[in-house]
Amino acid sequence: MNTLLKQIPLKTLCRQPVMFDANIFMVGIERRGSDSNCSFENMKDVYMIPIFESFSQIIIHQMVFDELDSEAKAFVGSYVGKNVVIVQEEELYGTDPLYTTIFNDISSHERVMYSLGSSKDRGEVYSLAYAVYHNINYFSSKEIMVDDIAKELKTLKNIEVVTFDIIVLLAYIYHMSRGDTSKNKALKSIYKRYCEDVIKRHKLPNTLREYYIASEKYIK
């Protein structure tokens, strides 16, 4: 099992600064209109509140915040000033050589190919560039592209990606620690559906319960 938790236990990880990508807030969005289980309110209760209550310092780039819908913006905004900070580029591109190099390395990667002014992948590019420039080691994303380029680009050698399986695991532990098993079914379904690719790539257990058991030694 290839998991970041072998390098840093979950409780220690939660005390470190982490940068969140927009897709963390968009899980199930393609079914939101037809399946009440995928509604923002349900997803918020199942996994968003647990992760926002668990990480001590969450950093979100303004470009990512701008991509969120009104519900997600309101939710994130309720944590600003507590454990969430919204950051901006501060016009570093084109004026700071180091930042400009970092940004260009990320944007020109074959999996990205981002052009300035484009909306596609804008949040990921700006967030990753900010994280590298400011030495933020942990970047949380559901997007497999981020996981891939973090392993391939020397620019990102110090970035560790908190893949979505870890987010689901954290939410599962959060609810279980409070004696609340009502979210278990939803979290097991989310793990199966939305962690399918990372399960295969990182050779993770097929079920959330098995993943929890296999991860117990990395939790404390």
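Since we're looking at a predicted model, the values are computed, not measured.
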NZ (K151) with more than 12 external heavy atoms under 6.0 Å: yes
S127 side chain vs G123 backbone, donor-acceptor pair below 3.5 Å: yes
Verdict with reasoning, D105 to V132, per side-chain contact (heavy atoms from CB on, under 4.5 Å): CA-CA 11 Å; D105 282 352; V132 174; over 6 Å; no
Flag, side chain of N23 to backbone of M26, donor-acceptor distance under 3.5 Å: no
Side-chain touch E67/F25, heavy atoms, less than 4.5 angstrom: no
Hphob cluster co-occupancy, F139 + M145, side-chain heavy atoms under 4.5 angstrom: yes
Output side-chain donor-acceptor pairs under 3.5 Å for residues 159-166, partner residues at least two apart or in another chain, one line each.
residue, atom, partner, partner atom, Å
T163, OG1, D165, OD1, 2.5
D165, OD2, Y211, OH, 2.5

Test: R111 and D147 ion pair at under 4.0 Å: no
Any F103 side-chain heavy atom under 4.5 Å of T155 side chain: no
Considering all heavy atoms, the nearest M43-V27 contact: CE-O, 3.5 Å
For the student: nearest non-hydrogen atoms of S54 and C14, plus distance: O-CB, 3.5 Å
Hydrophobic cluster identity match, M113 and Y126, side-chain contacts under 4.5 Å: no
Euclidean distance, I106 CD1 relative to E124 CD, rounded to 0.5 Å: 11.0 Å
Nearest-0.5 Å distance, NZ of residue K192 to CG of residue N206: 9.5 Å
Sequence neighbours excluded - ring pair (Phe, Tyr, Trp, His ring centres under 6.0 Å) pairs with any residue from residues 165-185: Y172-Y212
Non-hydrogen side-chain atoms of N37 and K185 separated by less than 4.5 Å: no
K73 atom NZ, neighbour heavy-atom count above 12 within 6.0 Å: yes
Validation row: M1, Y218 side chains within 4.5 angstrom (heavy atoms): yes
Within 6.0 angstrom of E216 CD, more than 12 heavy atoms from elsewhere: yes
Check: Y93 main-chain N/O paired with E89 side-chain donor or acceptor under 3.5 Å: yes
Minimum-distance pair of heavy atoms, taken over all atoms of D21 and S141: OD2-OG, 3.3 Å
Pairwise side-chain contact, V76 with I86, heavy-atom cut-off 4.5 Å (strictly under): yes
M48/F40 under side-chain contact (heavy atoms from CB on, under 4.5 Å): CA gap, chis, key distance, verdict: CA-CA 9 Å; M48 292 184 200; F40 182 84; 3.6 Å; yes
Centroid-centroid distance, Y191 to Y47, less than 6.0 Å: no
Evaluation steps, side-chain contact (heavy atoms from CB on, under 4.5 Å), between D148 and R201: CA-CA 10 Å; D148 280 342; R201 295 169 72 252; 2.3 Å; yes
Y79 six-ring face occupied by K82 cation (under 6.0 Å, within 45°): yes
Check against side-chain contact (heavy atoms from CB on, under 4.5 Å), L5 and L169: CA-CA 11 Å; L5 301 183; L169 176 65; 3.7 Å; yes
Heavy-atom side-chain proximity of L204 to C195 below 4.5 angstrom: no
Identified side chain to side chain contact (heavy atoms under 4.5 Å, CB included) counterpart of Y194 within the set I190, V198, D197: I190
Student check: side-chain heavy atoms of F52 and F20 closer than 4.5 Å: yes
Nearest heavy atoms of V46 and P50, plus distance in Å: O-CG, 3.5 Å
N42 side chain to C38 backbone, donor-acceptor under 3.5 Å: no
M19 side chain reached by I60 side chain, heavy atoms, under 4.5 Å: no
Heavy-atom neighbours of E152 CD exceed 12 at 6.0 Å: yes
V125 versus S107, closest heavy-atom pair with distance: CG1-CB, 4.1 Å
Distance (rounded to the nearest 0.5 Å) between S56 OG and L13 CG: 9.5 Å
Distance, nearest 0.5 Å, that separates CD of E196 from CD1 of I144: 10.5 Å
From I136 atom CD1 to Q16 atom CD, the distance as rounded to the nearest 0.5 Å: 12.0 Å
T207 side-chain N/O to E210 backbone N/O, donor-acceptor pair under 3.5 Å: yes
hydrophobic_cluster_shared for L92 and V85, side chain cutoff 4.5 Å: yes
Closest non-hydrogen atom pair between T100 and G94, with its separation: OG1-N, 2.8 Å
Interatomic distance, L10 atom CG to R15 atom CZ [nearest 0.5 angstrom]: 10.0 Å
